[in-house]
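Structure, as structure tokens:
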2 protein chains.
Amino acid sequence: MSDDTGAGKPRAPEGMGGLAKGLAIIEAFSETRREMTVAKAAQAAAISRASARRCLLTLAELGYVRQLGSAYLPTPRMLRLGDAFFESSTLPQLAQSHLDDARDQLNESVSLAVLEEGNSVFVARAEVTRPVSSYVRIGAKLPAYASATGRMLLADLADEDVDRYLSTTDFVPLSPKTETDPDRLRDLVRDVRARGYSVICEELELGMLAMAVPVRNRNGRTVAALSISAAIARVGLEQAEREFLPVLLARADALSRML
Amino acid sequence: MSDDTGAGKPRAPEGMGGLAKGLAIIEAFSETRREMTVAKAAQAAAISRASARRCLLTLAELGYVRQLGSAYLPTPRMLRLGDAFFESSTLPQLAQSHLDDARDQLNESVSLAVLEEGNSVFVARAEVTRPVSSYVRIGAKLPAYASATGRMLLADLADEDVDRYLSTTDFVPLSPKTETDPDRLRDLVRDVRARGYSVICEELELGMLAMAVPVRNRNGRTVAALSISAAIARVGLEQAEREFLPVLLARADALSRML
DNA sequence: CACGAATTGTTCGCTATGCGAACAAAAATC
DNA sequence: GATTTTTGTTCGCATAGCGAACAATTCGTG
């Protein structure tokens, strides 16, 4: 707003400043910011307190947040916003029967993920019941560097995009076996690119391995990754490559042909 | 803007008009509106084309939608907005272990739902693998009138709120057995209120029954419904009441004590 | 407990963002 | 091909939203 310069300069591309601010506040809610006051929201969204206050008043008026004392918390109505993607996107629905088939055939949980700002986001899932396994929420995300799907999706990026990702990511280990060296990760992504599938073993969660294959659109771009996960106590790497990989590749190929 | 009247009249409560418009556009995306042009978005959100255009430009600039010709479609980034609720809310995390226990004990899928504008919205799930069952997405919603959780949640509303709901709802049958008579539904909600749990049989989906019990906060209000669903080919109503109900009530009670 | 400092929430004069109407361009219909 | 309808874009104008100032609240210290 106040950063514009020269007189007579054409206007910046038009937009809706208040919308941008409000969305910044919504995205600022997190596990460490379960509720926010006007001041906290302003700080988290890098806007003035007056703007933050207006946004929160509008969000409250529309039912997206509720007020508790001077704090604001998101309500379930917020879920409608995420629904916009699910109701619009055909990919999860097209994929579901393929995931179900793969799950039934291999008796392991199967999921589909897309890349979103350095994260692998689950958009579809077929889950097999295990005593230990917990429900993975569609919409949940995993860091790309530590997940089979994430590495599969990174493998489709141009080298410079992979490098940009590697240079701006904070590599938090998620298990004692998480690879966090950027050079090593670059090599791993290249390996995935060469091999055409991705496997990680205990990097995301001890005791678990995961395998992912690409789902491509008709331009050959990888638009999603189809993955399977299993406990290494039950399934070794060789068995995964022998039994899981052909089925995943076949399912991914069938799905790719629909895109 | 132009609807304000008398001079010297105090300002309306302050807000952020552009945010309201942008959120209306986001919510307008649906299965019948998978993509929208500027004109379609303006119509769907009941705003001017110029405003719709500004909103879509901002949403595109921030990565929430992408442009395809003159149409705009949501991107996975939209999921972050729904995340605001999941990352803030403690209920799904508190509930998960209870759902897992109930699922393991009863060997049927168990879920937790909250009421959101006439819909029952899943916020947590423990799923048992069945050849027929498909994955129910957290965030997915069911009409309250046709679901066990929905009726359980409606039962906690005041009579006038139930009546308002019944008078403004379009009762679309979801199976040949869906109850769609408002008077009948009012009686069913009252029955649920008296009985303290809700059961539906084949109203949502042929061949399936579902049972739900209330999860209450310390004020006694029903803040969520815990439910189980099973195929009637395997489980009859009497068995459900004999075997499922005690476990659901115990789990719901344990969860209620944490709230 | 009182006081001062820091933080937070609210207000209001001012201006530039966002408005609506008009116009340009594209699409649809005859 | 001409006309009509619909859609996308522009721009003069005004009010919604801005930032700074102020009021209120909270926190820290003596």
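By convention in this document, chain letters (A, B, ...) are assigned in the order of the sequence lines, proteins followed by strands, and residues within each chain are numbered from 1. Predicted model only: the values in this text are computed from it and were never measured.
- Applying the ring-ring contact (aromatic ring centres under 6.0 Å, His included) criterion to Tyr145(A), with sequence neighbours excluded, gives Phe171(A).
- Among residues two or more places apart in sequence or in another chain, the salt bridge (Lys or Arg N to Asp or Glu O under 4.0 Å) test is passed with Arg49(B) by none.
- Met16(A) places its CE atom 19 Å from the P atom of dA16(C), with the value rounded to the nearest Å.
- The side chain of Ser70(A) contributes an N or O atom lying less than 4.0 Å from OP1 or OP2 of dG9(C).
- The side chain of Ser48(B) contributes no N or O atom lying less than 4.0 Å from OP1 or OP2 of dC19(C).
- Of the listed nucleotides (dC19(C), dT8(C), dG17(D)), dT8(C) has the atom at the smallest distance from the side chain of Lys40(A).
- Checking dG20(C), dG19(D), dC19(C) against the side-chain heavy atoms of Arg54(B) singles out dC19(C) as nearest.
- Axis angle across the helix from dC1(C)-dG30(D) to dC30(C)-dG1(D), with five pairs used at each end and values rounded to 10°: 50°.
- Residues of residues 31-38 of chain B having a heavy atom closer than 4.0 Å to DNA chain C: none are found.
- For the 3.5 Å distance criterion, the side chains of Ser111(A) and Ser227(A) qualify, holding a donor opposite an acceptor.
- Here the P atom of nucleotide dC19(C) and the CG atom of Leu57(B) are 12 Å apart, to the nearest Å.
- Each of Leu19(A) and Ala39(A) was assigned the nucleotide of DNA chain C with the nearest heavy atom; the assignment lying further toward the 5' end belongs to Ala39(A).
- The CD1 atom of Ile47(A) sits 15 Å away from the P atom of dT8(C) (whole-angstrom rounding).
- The shortest distance between side-chain heavy atoms of Leu206(B) and Pro176(B) falls below 4.5 Å.
- Under the rule for a salt bridge (Lys or Arg N to Asp or Glu O under 4.0 Å), Arg33(A) has no partner lying at least two apart in sequence or in another chain.
- The distance between atom CD of Gln43(B) and atom P of dG8(D), rounded to the nearest whole Å, is 11 Å.
- Leu56(A) places a side-chain heavy atom less than 4.5 Å from the side chain of Val38(A).
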Can you check salt bridge (charged side-chain N to carboxylate O under 4.0 Å, His left out) on Asp159(A) and Arg164(A), steps first, answer last?
CA-CA 9 Å; Asp159(A) 281 342; Arg164(A) 183 178 309 121; over 6 Å; no
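- When the nucleotides dG8(D), dG19(D), dG20(C) are ranked by their closest atom to the side chain of Ala50(B), dG20(C) comes out on top.
- Side-chain nitrogen and oxygen atoms of Ser51(A) include at least one within less than 4.0 Å of the OP1 or OP2 phosphate oxygen of dC18(D).
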Return all side-chain donor-acceptor pairs below 3.5 angstrom for residues 82-90 of chain B, not counting sequence neighbours, or 'none' if the list is empty.
| unit_1 | atom_1 | unit_2 | atom_2 | d |
| --- | --- | --- | --- | --- |
| Asp83(B) | OD1 | Arg137(A) | NH1 | 3.4 |
| Asp83(B) | OD1 | Arg137(A) | NH2 | 3.2 |
| Asp83(B) | OD2 | Lys141(A) | NZ | 3.1 |
| Ser88(B) | OG | Arg34(A) | O | 3.2 |
| Ser88(B) | OG | Ala84(B) | O | 3.0 |
| Ser89(B) | OG | Leu91(B) | N | 3.4 |

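- With hydrogens and angles left out, the side-chain atoms of Ser30(A) and Thr32(A) include a donor and acceptor closer than 3.5 Å.
- Considering only side-chain N and O atoms, Arg49(A) lies nowhere under 4.0 angstrom from the phosphate OP1 or OP2 of dT7(C).
- Of the candidates dT11(C), dC19(C), dC18(D), dT11(C) carries the atom nearest the Arg53(A) side chain, counting heavy atoms from C-beta on.
- For the OP1/OP2 pair of dC19(C) and a distance below 4.0 Å, the side-chain nitrogens and oxygens of Lys21(B) include at least one atom meeting the criterion.
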